[in-house]
There are 2 protein chains.
Amino acid sequence: MRVGITTIAKMLNLSPSTVSRVINGKGNFSEETRKKVMDAVKEMNYIPNSIARKLQQKETKLIGVIIPDITETFFASVIKGIEEVLSEKGYNIFLCNTNENADKERKYVDLLYENRVDGIIVATVRNNIASDDILFNGNIPFIFIDNTPNEGNQFNSVTTDNFLAGKMAADYLISKGHTKIAAIMGKQDETTGRKRFEGFLKGLEENSISKDESLYKFCDFKEASGCRAMEELIEQKGFTAVFIASSKMVYGALWAVKKAGLVVPDDISIIGFDIIDKYQVISPGITSVIQLEDEIGKSSAKLLIEKIKNKEDKLYHQLYMEPKIIERESVKNIM
Amino acid sequence: MRVGITTIAKMLNLSPSTVSRVINGKGNFSEETRKKVMDAVKEMNYIPNSIARKLQQKETKLIGVIIPDITETFFASVIKGIEEVLSEKGYNIFLCNTNENADKERKYVDLLYENRVDGIIVATVRNNIASDDILFNGNIPFIFIDNTPNEGNQFNSVTTDNFLAGKMAADYLISKGHTKIAAIMGKQDETTGRKRFEGFLKGLEENSISKDESLYKFCDFKEASGCRAMEELIEQKGFTAVFIASSKMVYGALWAVKKAGLVVPDDISIIGFDIIDKYQVISPGITSVIQLEDEIGKSSAKLLIEKIKNKEDKLYHQLYMEPKIIERESVKNIM
DNA sequence: GCGCTTATAGCAAACGTTTGCTCATAACTA
DNA sequence: TAGTTATGAGCAAACGTTTGCTATAAGCGC
């Protein structure tokens, strides 16, 4: 039904090889045949079959992108960044949304292998990937973003410097005079969550503020748990500021604050995480550590392409993006 | 380097065909050879080559999903819905983010054709697709979501009933006693924007409220234009309520309201669009018409799969999802 | 004219599967 | 016992390209 390169060849009394060469513009052919072929291509509405080409070339120009939840603005922005550089370089995205399900993630990795993608970018929800996992043993280049499982350096990654992010949050609050600082942290089995907390503690330590374990709540990054944590803190008392390590937990926490009849920042100062809120629809504006989302996407895509072009290069790159703080109105200066 | 079906066949003194049949579990083979093959598969770490399989079967199990901006929560949610049903049915997503660029969209369509995707779901930014466009003339099933270009019924689509949405907004405001109603509308060359406005006008008409063209501002769905429109309206005066037809324009408009020192809903009542805000971080909460985002995703995926299974079926399906209104605190009852 | 280079284009293998057909053998059926 | 059916497995074509190698003819220097 559909015309292929051979159909055209037959029609023009040429061999498939010449037609192929004309279409791809490589090799030698006369201007005359070039024109004949191109005309036929147009007239017969020929559409190259990438599948066949990919089989031949052992290159699919497809990149698997595995993320937990495309609905989180962070990941959406990352993907946007990825797409931008990928499409420019002729690569395309095979999208895998895992719904934060480790099992689905594993299956998607298998699928990507079967589909012979040229590379993989993965924001994993697995906290420890077995060293005999296909990811580590297959020969498809891959980059971890956001969360890096496992210790050691045997992989490439692009992440925010979460340790620094946590430290910056502590430093900031301290610089505003706070010393009784609570924290609502994400999962500690993920590097994203753990490093933020470690950095936070480091910030306290460097400023000679002693730890108060009772003020640190560990949640799952989601709204509901942030709300619950804040409720507990409000009941406990004994703090003037809170570092909340994800945007969703901030939303949940704000809800708890409102329900308790308290006011930010008069009663409680808050420094959040990933609160972009470009048009300040939240009031008071929440001062927040933010990650450079699309930079993470772009950098990971660039790094991956480098790895693909240069497969023998066994060097491991681990890129850390510096976070920023956006000052808004949620932290009271009590100096 | 990598083992294929033939490598295994050779190793076991079998023919590729039997190996293939064992792996796919179709055809006849003895339990003995089944075991031999399966063992070899495991031991040699055989990974099927989907590309080869796809070439042979003329089926890629790939669905092209074209959207303007994955960063908009609406599209992210739609995609999530799509992924859910697609992955369950063994299909995968070839993601195309067009950045609202019609040209890029066109190129992506070509690319999808070259890649022989089994189907396409497209939220187009093109307001009129030529009738000789490949989409309409190729033989790949496709579904429009969100925005449907062209008149007529020669395509499948899944969209919110935007006319109804606009009408519901008008009806709601009127039911609260408002009669001087402004509107900040999106692009009128897209059905999404136009139908919302038409429905809105219909609502006025049915309630015998005469039109006041000066109160209707036409924007581009984005924050900045929403802000500007609201500034104009505030300057003009002469209204008690506004219908704002996109979430981003609501954010922009709120900004303008705040800057003008006015208060919602005391000075201005607002009914927005697509304001999900599950945890009410915006205050006052914005009453809003909302679309069932993931339902749109799921339904479009289901419909597409149906079309793929049933290519001869030349029936066109146009599904309209009923919007909902979420009542919050941004509309004052002045009855 | 002779050898040599260069420009064109064809041949055929390869990429890794799937599948219709054939074939041999074993197992029934009457 | 002959004829039919079921079972297990191989052959080879096909899917639509790309590409290394080869063949032919023309162009050129001498």
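A note on names: the letters A, B, ... follow the listed sequences, proteins ahead of strands, and every chain is numbered from 1.
- In Glu43(B), the CD atom is not crowded: 12 or fewer heavy atoms of neighbouring residues, nucleotides or ligands sit closer than 6.0 Å.
- The phosphate of dT19(D) (OP1 or OP2) has a side-chain N or O of Lys26(A) nearer than 4.0 angstrom.
- Distance Asn13(B) CG to dG10(D) P: 8 Å, rounded to the nearest Å.
- Considering only side-chain N and O atoms, Gln57(A) lies under 4.0 angstrom from the phosphate OP1 or OP2 of dT19(D).
- Judged by distance alone, with hydrogens and angles left aside, the side-chain atoms of Asn115(B) form no donor-acceptor pair with the main-chain N or O of Val117(B) at under 3.5 Å.
- Spacing between atom CZ of Phe29(B) and atom C1' of dT25(C) amounts to 19 Å, rounded to whole angstrom units.
- Regarding contacts with the backbone of dG16(D), a side-chain N or O of Lys58(B) is found under 4.0 angstrom from either OP1 or OP2.
- Checked by atom type and distance alone, the side chain of Asn97(B) pairs as donor or acceptor with a backbone atom of Ile70(B) at under 3.5 Å.
- Rounded to an integer number of Å, the gap from Lys54(A) NZ to dT19(D) C1' is 20 Å.
- The side chain of Leu55(A) lies closest to dG16(C), out of dG10(C), dG16(C), dT17(D).
- Between the side chain of Asn137(B) and the backbone N or O of Ser131(B) there is at least one donor-acceptor pair closer than 3.5 Å.
- Taking only side-chain nitrogens and oxygens, Ser15(A) comes nearer than 4.0 Å to OP1 or OP2 of dG10(C).
- Taking the six-membered ring for Trp and thresholds of 30 and 60 degrees, Phe155(B) and Phe136(B) have ring planes inclined between 30 and 60 degrees apart.
- The shortest distance between the side-chain N/O atoms of Asn28(A) and the OP1/OP2 oxygens of dT6(C) is not below 4.0 Å.
- Side-chain atoms of Arg21(B) stay outside donor-acceptor range of the base of dG8(D), with no qualifying N/O pair under 3.5 Å.
- Between the CD1 atom of Ile51(A) and the C1' atom of dA14(D) there is a distance of 16 Å, rounded to whole Å.
- Of the side-chain N and O atoms in Thr6(A), none sit less than 4.0 angstrom from OP1 or OP2 of dT17(D).
- Here the P atom of nucleotide dG10(C) and the CD1 atom of Ile8(A) are 14 Å apart, to the nearest Å.
- Note: CZ (Arg53(B)) to C1' (dT19(C)) measures 12 Å, nearest angstrom.
- If you find the closest nucleotide of DNA chain D to Pro48(A) and to Leu14(B), the one lying nearer the 5' end belongs to Leu14(B).
- Between Ser17(B) and dA12(D) there is no side-chain polar atom (N or O) within less than 4.0 angstrom of OP1 or OP2.
- At the heavy-atom level, Ser50(B) lies nowhere under 4.0 Å from the strands shown.
- Nearer to the 5' terminus of DNA chain C, by closest-nucleotide assignment, is the contact made by Gln56(A) (compared with the other of Thr18(B) and Gln56(A)).
- Rounding to whole angstrom units, CD1 of residue Ile23(B) and P of dT19(C) are separated by 13 Å.
- Side-chain contact between Asp146(B) and Ile296(B) is absent, with no heavy-atom pair separated by less than 4.5 Å.
- Remark: Ser20(A) is not in phosphate contact with dG16(D), judged by side-chain N or O atoms under 4.0 Å from OP1 or OP2.
- In this entry the distance linking CG of Asn115(B) with P of dG16(D) reads 15 Å, nearest Å.
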